[in-house]
There are 2 protein chains.
Amino acid sequence: MMLDSETKAVELPEDHGTELRLWLRLLTCTTLIEGEVRSRLRERFDVTLPRFDLMAQLDKVPDGMTLSDLSKRMMVSNGNVTGLVERLVESGHLDRRTSETDRRVQFIRLTKLGRAEFRKMAAEHETWIADVFADLSRKDISELMRLLAKTKASAQRSAKARTP
Amino acid sequence: MMLDSETKAVELPEDHGTELRLWLRLLTCTTLIEGEVRSRLRERFDVTLPRFDLMAQLDKVPDGMTLSDLSKRMMVSNGNVTGLVERLVESGHLDRRTSETDRRVQFIRLTKLGRAEFRKMAAEHETWIADVFADLSRKDISELMRLLAKTKASAQRSAKARTP
DNA sequence: CCAAATTGCTTGAAGCTTAAAGAGATCCCG
DNA sequence: CGGGATCTCTTTAAGCTTCAAGCAATTTGG
């Protein structure tokens with residue numbers, strides 16, 4: 001009759017404590033590392049993490065990208081990027097020019113200064129991250145990569161299911 | 001003579017691309033899930049994630065805790081907690097009373113309303129998280145738990161080494 | 001071709017967050 | 001005791017972040 005199992009699913013909440021603990025642990029790790037990176041960026045280079053992240057996106061491409069691309073890649077809102085870019089143009093790290101073919105679009109790229117400064121920061125940043133994960137073996141790391149890829153796919157599936 | 005290896009360590013930067021990719025993947029997973037939880041909390045309960053987190057900390061203890069405890073547990077700054085608590089007291093979810101023995105200290109706890117609302121939200125929240133991780137097997141989950149515990153320890157060691 | 005929908009970006013309000021400075025209370029130790 | 005160190009919390013300024021509304025340019029479909 002299937003009634004029993006369906007009733008149960010509705011009335012008795014299942015135990016999902018394990019997943020919850022996993023999520024909290026994931027969050028703790030990220031918060032911890034993020035805070036560490038934030039502190040070091042501030043004290044070594046007097047730069048904020050969002051600005052570093054934005055420059056990291058731009059460093060990958062020589063010809064720049066649009067604000068929308070940035071917003072998608074950084075997984076933050078459009079308005080957020082507008083403000084960040086504004087401040088980085090102001091400080092001489094970024095360069096913006098309007099597209100010739102579509103006057104809505106702006107291409108943003110690193111200036112010479114911006115790229116030079118970013119490269120210096122990135123080199124050090126990489127060593128910090130290496131140190132953060134230094135107690136993990138090669139096998140640990142590749143296993144973690146695999147499981148996080150699976151997690152990402154699962155989370156995307158879950159998010160998509162809600163907003164079709 | 002050891003000179004070769006030491007020289008190399010200083011002049012030729014080692015490749016830590018793997019750790020960097022791992023960190024970015026970790027960050028992506030967290031951002032993705034966090035955004036999803038944030039959206040759902042907003043649309044279902046019109047509450048922000050920081051407020052939910054704060055209430056979650058308080059739900060664990062019946063007699064409340066101090067602002068400092070909250071700040072440590074939530075891994076955010078003191079001033080941040082001051083503001084969050086202020087708004088939640090304002091909305092009737094929290095209760096604050098000054099310690100009798102130490103007039104610097106304030107004990108914060110959930111009001112009846114606050115606890116009731118939190119419990120409702122938490123129950124649903126748990127099912128969202130379960131769904132986020134639904135594509136992972138039991139073994140995946142326990143393995144991920146283990147590796148994240150190791151990551152957390154490693155990150156803490158790394159952070160401590162910098163600030164003794 | 002034109003109106004409607006879509007796209008790219010900006011703006012504004014509200015709230016979150018941090019770092020740093022500071023006020024008040026308590027603790028420690030000489 | 002008493003005075004400096006420490007602890008708890010608040011305040012402030014600056015910046016980050018989101019959501020929602022809005023503007024302008026482009027695309028789409030009659």
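Owing to the predicted nature of the structure, the values given are computational and were not obtained by experimental measurement. Scope of the values below: all heavy atoms of this structure, side chains included, with no hydrogens, waters or symmetry mates. Just so we're on the same page: letters track the sequence lines, and every chain starts at 1.
Using a 4.0 Å cut-off on heavy atoms, the residues of residues 101-111 of chain B that approach DNA chain C are B:Thr101, B:Asp102, B:Arg103, B:Arg104, listed by number.
Both A:Arg42 and B:Glu100 lie close to DNA chain C; mapped to their nearest nucleotides by heavy-atom distance, the more 5′-ward contact belongs to A:Arg42.
Between the C1' atom of C:dT18 and the CE atom of B:Met74 lies a distance of 14 Å, rounded to the nearest Å. Note: CD (A:Glu86) to P (C:dG12) measures 11 Å, nearest angstrom. Put simply, CD on B:Glu34 is 14 Å from C1' on D:dC16, counting in whole angstrom units. In this entry the distance linking CG of A:Leu54 with P of D:dG15 reads 16 Å, nearest Å. Atom C1' of nucleotide C:dA19 and atom CZ of A:Arg38 are separated by 11 Å, given to the nearest angstrom. Look at CG on B:Leu84: it is 13 Å from C1' on C:dA14, rounded to the nearest Å. Atoms CG (B:Asp46) and C1' (C:dA14) sit 12 Å apart, rounded to a whole Å. Protein atom CG of B:Asp53 is 15 Å distant from nucleotide atom C1' of C:dG15, rounded to whole Å.
Between A:Asn80 and the phosphate of D:dT18, there is a side-chain N or O to OP1/OP2 separation shorter than 4.0 Å. At the phosphate of D:dT11, neither OP1 nor OP2 sits under 4.0 Å from any side-chain N or O atom of B:Thr82. Within the structure, a side-chain polar atom (N or O) of A:Arg51 is placed less than 4.0 Å from OP1 or OP2 of D:dC16.
Looking at A:Glu124 and A:Lys120, no side-chain N of the basic residue comes within less than 4.0 Å of a carboxylate O on the acidic one, giving no salt bridge.
Under the 3.5 Å distance criterion, with hydrogens and angles disregarded, a donor-acceptor pair is assigned to the side chains of B:Asp140 and B:Ser137. Using modelled atom types, one finds no donor on one side chain facing an acceptor on the other under 3.5 Å when comparing B:Thr111 with B:Asp95. A side-chain donor-acceptor contact under 3.5 Å links A:Ser99 and A:Thr101.
For B:Pro50, the listed nucleotide lying nearest its side chain is C:dC16; candidates were D:dT10, D:dT11, C:dC16. Side-chain proximity of B:Arg87 to the nucleotides C:dG15, D:dC9, C:dT18 is greatest for C:dG15. Side-chain proximity of B:Ser77 to C:dT18, C:dA19, D:dC19: nearest is C:dT18. Considering only the side chain of A:Thr48, D:dC16 comes nearest among C:dG15, D:dC16, C:dT18.
In this structure, B:Met55 and B:Arg115 have side chains that are not in contact, with every pair of non-hydrogen atoms separated by 4.5 Å or more. Considering only heavy atoms from C-beta on, A:Val61 stays 4.5 Å or farther from A:Asp69 through its side chain. Counting heavy atoms from C-beta outward, A:Trp23 and A:Thr28 have side chains that stay 4.5 Å or more apart.
Counting non-hydrogen atoms under 4.0 angstrom, A:Ser68 reaches the backbone sugars and phosphates but no base.
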